[in-house]
Amino acid sequence: MTAISKGANIPVATAVVRVALSWTSGPGVPDADVSALLLGEHGKVRGDDDFVFYNQPRHRSGAVTHDGKSTTASTVSDALLVDLRTVEPAVTTVVIAGSADGGPFGKVPGLTLTVSDDTGQRLAVFEIADATTETAFVFGELYRRAGGWKFRAVGQGYASGLAGLATDYGISVGDDPARTEPPVVRPPERPAWPPRPPDTPQPALQPSPLPPFPNVPSPFRS
C-alpha cells in the first residue's frame, strides 16, 4: 500500500480497480456520495451518460459501476468499480468525484480515498485533510499513460457544489427551455370604436370625417 499526497501519481497494473471514499460518521456529520465522470481527450464528457452516480449507477459500456455504500462501526464507505479493460478508447480519464449533503466537506472527519485491486489489495491511500467550505470535490483520477493506466491524487474542491463541478466537465445542468425562457406576454385586444351591435350594417362612407362624439365617454380613460 502507498500513501500518496495531493498531486502524486502511481501506475495501475491491475485490470479492475475499486475506488472507495470513506469517512467517520457521527452526529452532525454530512453524508457524502462518490461519483465518476468519463472524459474524452478534450477533458469533457461526451454526454450526460458519462456521469456515474447513485441515480445512474452503471455506465453504458459497463466499465464504471457505482458499488454502493457500506458501514463498518463508525466508518462509512461509498465505492466505485472501474474495469479498465472495458473503458472505451475515446475515454482518456475517469475522474473520481463526490458531493457532500448536509454541510461542507470540512465537517467530514477522516475523509480518505482508497484505491484497491480486484482482490482487495490496497494500491494507494489518499487522505484529504484540507477540505473547508467545499460541498463537491475531485478526489482523484485514473488516466491513460503510455499504453497503461495511472492514478493521480487531485484533491480539488468546489464551493459551487456538484452542479459547478459537473458544469466544468460538460454536464448539462438546468437546461430545460421551459424553465429558462420567459413566457410570452401579449397585450389585450383593444375593442372596436365606436362599438356597434353585431347585426348593424356598416354606414356608407362620408365625404368628410364624422364629427366627434362628445357625449360618449372613452373606455380608455378612468
Side-chain angles (χ1 to χ4, degrees), residues 2 4-22 32-69 77-100 105 112-126 128 134-158 160-175:
T2 303
I4 60 176
S5 57
K6 181 185 295 189
N9 63 78
I10 61 166
V12 177
T14 186
V16 179
V17 177
R18 186 176 189 270
V19 185
L21 180 69
S22 61
D33 296 290
V34 71
S35 56
L37 299 102
L38 287 76
L39 311 182
E41 61 179 352
H42 299 297
K44 302 286 186 180
V45 298
R46 298 163 297 174
D48 291 358
D49 289 345
D50 284 340
F51 186 34
V52 177
F53 64 112
Y54 58 88
N55 269 347
Q56 189 167 272
R58 184 177 174 84
H59 190 257
R60 61 179 180 272
S61 66
V64 182
T65 304
H66 181 249
D67 199 34
K69 290 184 178 178
S77 296
D78 195 16
L80 297 162
L81 291 176
V82 183
D83 188 340
L84 299 175
R85 299 167 299 184
T86 58
V87 175
E88 297 161 296
V91 174
T92 62
T93 306
V94 179
V95 172
I96 310 301
S99 59
F105 273 111
T112 304
L113 192 74
T114 303
V115 182
S116 307
D117 64 16
D118 53 354
T119 68
Q121 181 69 34
R122 292 184 176 185
L123 306 176
V125 175
F126 175 36
I128 300 95
E134 304 88 353
T135 54
F137 243 90
V138 172
F139 298 106
E141 59 184 17
L142 292 157
Y143 61 99
R144 297 183 190 271
R145 182 68 69 203
W149 286 88
K150 284 189 169 185
F151 172 80
R152 178 186 292 116
V154 178
Q156 177 185 350
Y158 284 76
S160 55
L162 188 60
L165 184 154
T167 300
D168 275 0
Y169 287 107
I171 297 291
S172 301
V173 177
D175 59 350

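Side-chain atoms are counted along with the backbone in the values below, which use heavy atoms only and exclude waters and symmetry mates. Quantities reported herein were computed from a predicted structural model and do not represent experimental measurements.
Contact annotation: the side chain of Asp78 never approaches that of Tyr54 to less than 4.5 Å [non-hydrogen atoms, C-beta and beyond]. For the pair Leu162 and Phe53, the minimum side-chain heavy-atom distance is 4.5 Å or more. Contact check for Phe151 versus Glu141: no side-chain heavy atoms found under the 4.5 Å cut-off.
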### Chi angles and distances behind the side-chain contact (heavy atoms from CB on, under 4.5 Å) call for Val82, Trp149
CA-CA 12 Å; Val82 183; Trp149 286 88; over 6 Å; no
### Task
Given side-chain contact (heavy atoms from CB on, under 4.5 Å), test Ile96 with Leu113 step by step and report yes or no.
CA-CA 9 Å; Ile96 310 301; Leu113 192 74; 4.1 Å; yes
### Query
Should Phe137 and Leu21 be marked as a side-chain contact (heavy atoms from CB on, under 4.5 Å) after you check the CA-CA gap, both sets of side-chain angles, and the distance that decides it?
CA-CA 11 Å; Phe137 243 90; Leu21 180 69; over 6 Å; no
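A donor-acceptor pair is defined here as one N or O able to donate and one able to accept, closer than 3.5 Å; such a pair exists between the side chain of Gln56 and the backbone of Phe51. Distance alone, capped at 3.5 Å, places no donor-acceptor pair between the Lys150 side chain and the Asn9 backbone. Formation of a donor-acceptor pair under 3.5 Å by the Lys69 side chain with backbone atoms of Asp33 is not found in this model.
When every heavy atom of Arg18 is checked against every heavy atom of Ala79, the shortest pair comes out as NH2-CB, 3.4 Å. Gly161 approaches Ala136 most closely through the heavy-atom pair C-CB, 3.3 Å. For Phe139 against Ile128, the heavy-atom pair with the smallest separation is CD2-CD1, 3.8 Å. Asn55 and Pro57 get closest at one heavy-atom pair: C-CD, 3.6 Å. Taking both residues in full, the closest heavy atoms of Phe126 and Val154 are given as CE2-N, 4.0 Å, listed atom of the first, atom of the second, then distance. Scanning both residues, Ala15 and Arg85, for their nearest heavy atoms gives CB-CD, 3.5 Å.
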In residues 37-44, what donor-acceptor pairs under 3.5 Å come from side-chain atoms, sequence neighbours left out?
{"unit_1": "Lys44", "atom_1": "NZ", "unit_2": "Asp168", "atom_2": "O", "d": "2.4"}

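Between atom OG1 of residue Thr14 and atom CG of residue Leu84 there is a gap of 7.5 Å, rounded to the nearest 0.5 Å. For the atom pair Arg152 CZ and Ile10 CD1, the distance stands at 12.0 Å (nearest 0.5 Å).
For the 3.5 Å distance criterion, the side chains of Asp50 and His59 qualify, holding a donor opposite an acceptor.
In this structure, Asp118 has no salt bridge (Lys or Arg N to Asp or Glu O under 4.0 Å) partners at least two apart in sequence or on a different chain.
For residues 87-97, the pairs satisfying salt bridge (charged side-chain N to carboxylate O under 4.0 Å, His left out) are Arg46-Glu88, with sequence neighbours left out.
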